[in-house]
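Written out below as structure tokens is the structure these notes cover.
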Amino acid sequence: MSVKNHLSLESIRCVRGDNTLFSELSIDAENGDLLRIRGENGSGKTSLLRIIAGIALADAGKVLWNKKTIQESDSFATDIAYLAHRDGIKSELTAIENLKFYQQLYNQNDTEKLMNVLDALDISHIYPLPARQLSFGQRRRLGFARLLLSSTKLWLLDEPFTGIDVSGRELLEQHCVDFLNQGGMIVMTHHAELEHSELIQREQSVDLTSLNIGRFQSEMETI
Amino acid sequence: MNDFNFSEFIAMGGYAKYVWSSWALTIIAMASLVVSAIRKRKILYRQYHQQTQQSAARKQRLARQQSKS
Amino acid sequence: MWQAIKNFYHRMGTPREFYRIAGYWIPIFGVCFAVLFIVGAYLGLVVAPADYQQGDSFRIIYVHVPAAWMSLFVYVVMAFAGAIGLIWRMKMAFIVMITSASIGATFTFIALATGSLWGKPTWGTWWQWEARLTSELVLLFLYIGIMVLYSAFTERKTAEKAAAILCIVGVINIPIIHYSVEWWNSLHQGSTVIREGGPAMPASMLTPLLLMALSFQFFYGWLLFIKARTQALTQEQGSSWVKQIIESKQVK
Amino acid sequence: MTAKQSTSHFSSFTLFLRRECFLLWNNQENVIQPLFFFLITISLFPFSLGSDPELLKIIMPSIAWVAIVLAIMMSLNSLFRDDFEDGSLEQWLIGNRSLALIALAKIMVYWLFNGVFLAILACIVCLSTNISFEQIKVLFASLLLGTISLQLIGGIGAALTVTIQRSGLLIAIIVMPLFIPILIFGAGAVTRSIAGESVAGALYTLATLAVLSITFAPFGISFALRNTIE
């Protein structure tokens, strides 16, 4: 992973209804960085993640990936993986079919790698079951397995550890740390502290509540 | 306009019902648009006025609490 | 020249500029509408000779045709505003689109109602599945679709974009709808073409029609600017220029 | 599009085709419901119109057309709903892989299961009024062509309202004016065939409408999806 990747947000502004969630938000992140977004519910954590992922459009400001805006850069689409509350797992398909589908979407298809990813997250016993019968924690790990399968450089995780038992958290955190140490980048919204924070190269965090500008004070003039 | 006589004009050659009702309907519809536009403006001003009053009242309450504590 | 249009265009884009420019034009449009309406109505109702075939009932044309023309015109304006809003993400364009929806729907309703009121004396029935009236009815459904879709969303910004997309899809479909209704009409009862305001009309009948059509245009411009200003104020309540304007208005 | 990207686009198209068939095969109520809805609406009419065979012979095919338009309108709600609810729609949005191709794949599969089955069922039902085999062929052809544009233009309505709960009726209101030309030419072809006139004109127009919707509707759908999922 010698390639230097660079994610930068320039004066991002997000308005929901008449309420300006945050504005003038500028952050830079390099390989191996963990960017944690904190703030109470409704302060725009998920919206910020969706703006970075390119699903939502910021009201002002730009998101740059390797000096190009995410709309222009064609490598951005294959470089990022986004794990949302809704984990993108089809309940009719079995766990394996779900992952196989995503693998083919990233046009790789060696099932060998898929199996040891499942072992790594110790959910290999569930692969024949249809996703409908999985518990919430198992589905989250399945979503995480999708991240590990894709060779992406930037992970966008939305509350990845909610609803997962302690041993599960331990495991997922370990994978995050490994990913960071291999030069990956993570942007995560999460409340509690991370146990392994000492192993992480550079950790920045942004508290959206402090940036939250209420309804009447926003002075920005936009077309 | 020498041979203009009022009653004939109103009769509209026997079609008075149709002609006058369609003109009346048009004018009423257009007037209702104008009325709703002006009503919206009034609502905006009244709503704005209430909000400024509320925030002013809230500021006073906060000020009083600070002075008390 | 192109530069002048471009920066006028951008200036109109910001709500504050639009407010000021609209404020300048509102009285002008209002006066033009009033004058043209009165003159047109007088000429149409009193001066124009009665039609040899339909007698005085043809005077409904002076309301029916301008309303039908405006209903289509407003829809096309909405589609353009929607497209501008989507491409350049211009707030004012969406405001213009949404505020003209109710005006356009009212014009369509007027056209339909006066059309059927005019149908009674000439065809003997309140509703006649005639090509123009049927396309007008479909246009009314298009307006209703946009207004219902806009009000179904909670977040205003997505509502505007969805309504704009539906408006553009609708405007592409209007010629298809019109052509298919014409074909369908000729299929079922042959062509009962009634002579409506075609060029064959003598000048004394035609001038009131043009005056009325112009007066409806000014009415639309006038009302659109008023409604758009109010909508702009409600949406930009956070900014300082809105406070300034509202305070100055309340003092008056 | 670079060569690598275009192959990946096409491969993802076939991938989605297979996946969509598999998914539809698993939850079949999306396929069964429109068929039952069609059967219910069409079998109500003889009770209201009376069983005079002459009348039914003329009216049944056009009623079949209206019933199919209603059945498709009703089935549009679930087109993108399940993918949106479990989050896979968001995953597709991320990659700039062409959402239009994915939408086209999805709707082609829905058409295969919905449109074709409805057309077959309609022909079987219309056989009951023993109209000539020639007219059944025209009915079947017009239904096949018509349901393509119905599904695709309906897909735009479904894409616009994917984030709204209980949007069944809302989609019907939105797409109703857009369905009118298709219904006019579809039912028109059938009535002309019953009256013995040539149906070529109407069928050709239906075909052009189908081609137009195949080319433009998927881009409309992907644009609508990108803009309404915020």
Side-chain angles (χ1 to χ4, degrees), chain B, chain C residues 30 33 37 41-42 44-47 50-51 54-64 66-67 99 102-103 105-111 113-122 212 215-216 219-220 222-234 237 242-243 245-247 249-250:
Chain B
M1 273 317 298
N2 38 36
D3 61 356
F4 175 78
N5 86 41
F6 197 68
S7 61
E8 207 183 87
F9 167 70
I10 292 297
M12 269 296 158
Y15 296 110
K17 305 211 285 295
Y18 306 112
V19 175
W20 292 120
S21 54
S22 44
W23 276 77
L25 181 121
T26 318
I27 291 163
I28 290 164
M30 288 162 86
S32 73
L33 273 175
V34 174
V35 162
S36 86
I38 291 171
R39 200 167 44 82
K40 271 212 185 82
R41 240 163 81 94
K42 277 210 175 56
I43 292 171
L44 168 74
Y45 284 118
R46 206 174 334 113
Q47 198 189 10
Y48 188 83
H49 197 59
Q50 271 157 10
Q51 245 138 24
T52 36
Q53 258 164 0
Q54 268 161 15
S55 55
R58 205 180 314 122
K59 280 201 186 64
Q60 273 150 11
R61 254 202 323 280
L62 283 176
R64 237 176 291 113
Q65 264 150 14
Q66 253 118 30
S67 63
K68 239 188 280 118
S69 62
Chain C
F33 155 63
F37 190 87
Y42 173 72
L45 287 172
V46 177
V47 171
D51 179 62
Q54 299 167 8
D56 280 304
S57 77
F58 103 101
R59 293 185 198 283
I60 301 178
I61 184 179
Y62 295 122
V63 207
H64 174 68
T99 41
S102 53
I103 303 175
T106 316
F107 275 134
T108 334
F109 170 72
I110 294 173
T114 49
S116 80
L117 274 169
W118 189 10
K120 188 73 178 101
T122 37
M212 286 302 286
S215 83
F216 274 43
F219 175 78
Y220 170 56
W222 173 60
L223 198 60
L224 174 66
F225 277 166
I226 293 178
K227 282 170 87 96
R229 270 176 30 144
T230 325
Q231 182 71 3
L233 288 184
T234 28
Q237 256 172 354
V242 172
K243 292 197 198 74
I245 288 173
I246 293 186
E247 253 97 37
K249 278 283 185 338
Q250 250 141 9

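Throughout, a chain's letter reflects where its sequence line sits, starting with A, and its residues are numbered from 1.
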*When heavy-atom pairs shorter than 4.5 Å are enumerated against chain B, which of C:V242, C:T114, C:T99 gives the highest number?*
C:T114
*Kindly compute the distance separating OG (C:S116) from NE2 (C:H64), expressed to the nearest 0.5 Å.*
9.5 Å
*Side chain / backbone / both / neither for B:I43 at chain C, heavy atoms under 4.5 Å*: neither
Heavy-atom contact with chain B under 4.5 Å, split by part of [X]:
X	answer
C:A111	neither
C:L223	side chain
C:T106	side chain

*Heavy-atom pairs under 4.5 Å with chain C are the metric here; pick the option from B:L25, B:I28, B:T26 that has the most.*
B:T26
Side-chain donor/acceptor pairs under 3.5 Å, residues 30-41 of chain B, sequence neighbours excluded:
{"unit_1": "B:S32", "atom_1": "OG", "unit_2": "B:A29", "atom_2": "O", "d": "2.6"}
{"unit_1": "B:S36", "atom_1": "OG", "unit_2": "B:L33", "atom_2": "O", "d": "3.0"}

*Taking the six-membered ring for Trp and the full ring for Phe, Tyr or His, determine whether the centres of C:F107 and C:F216 are under 6.0 Å apart.*
yes
*Tell me, do B:Y48 and C:E247 make a side-chain contact under 4.5 Å, heavy atoms counted?*
yes
*Can you name the residues that form a ring pair (Phe, Tyr, Trp, His ring centres under 6.0 Å) with C:F33, not counting sequence neighbours?*
C:F37, C:F219
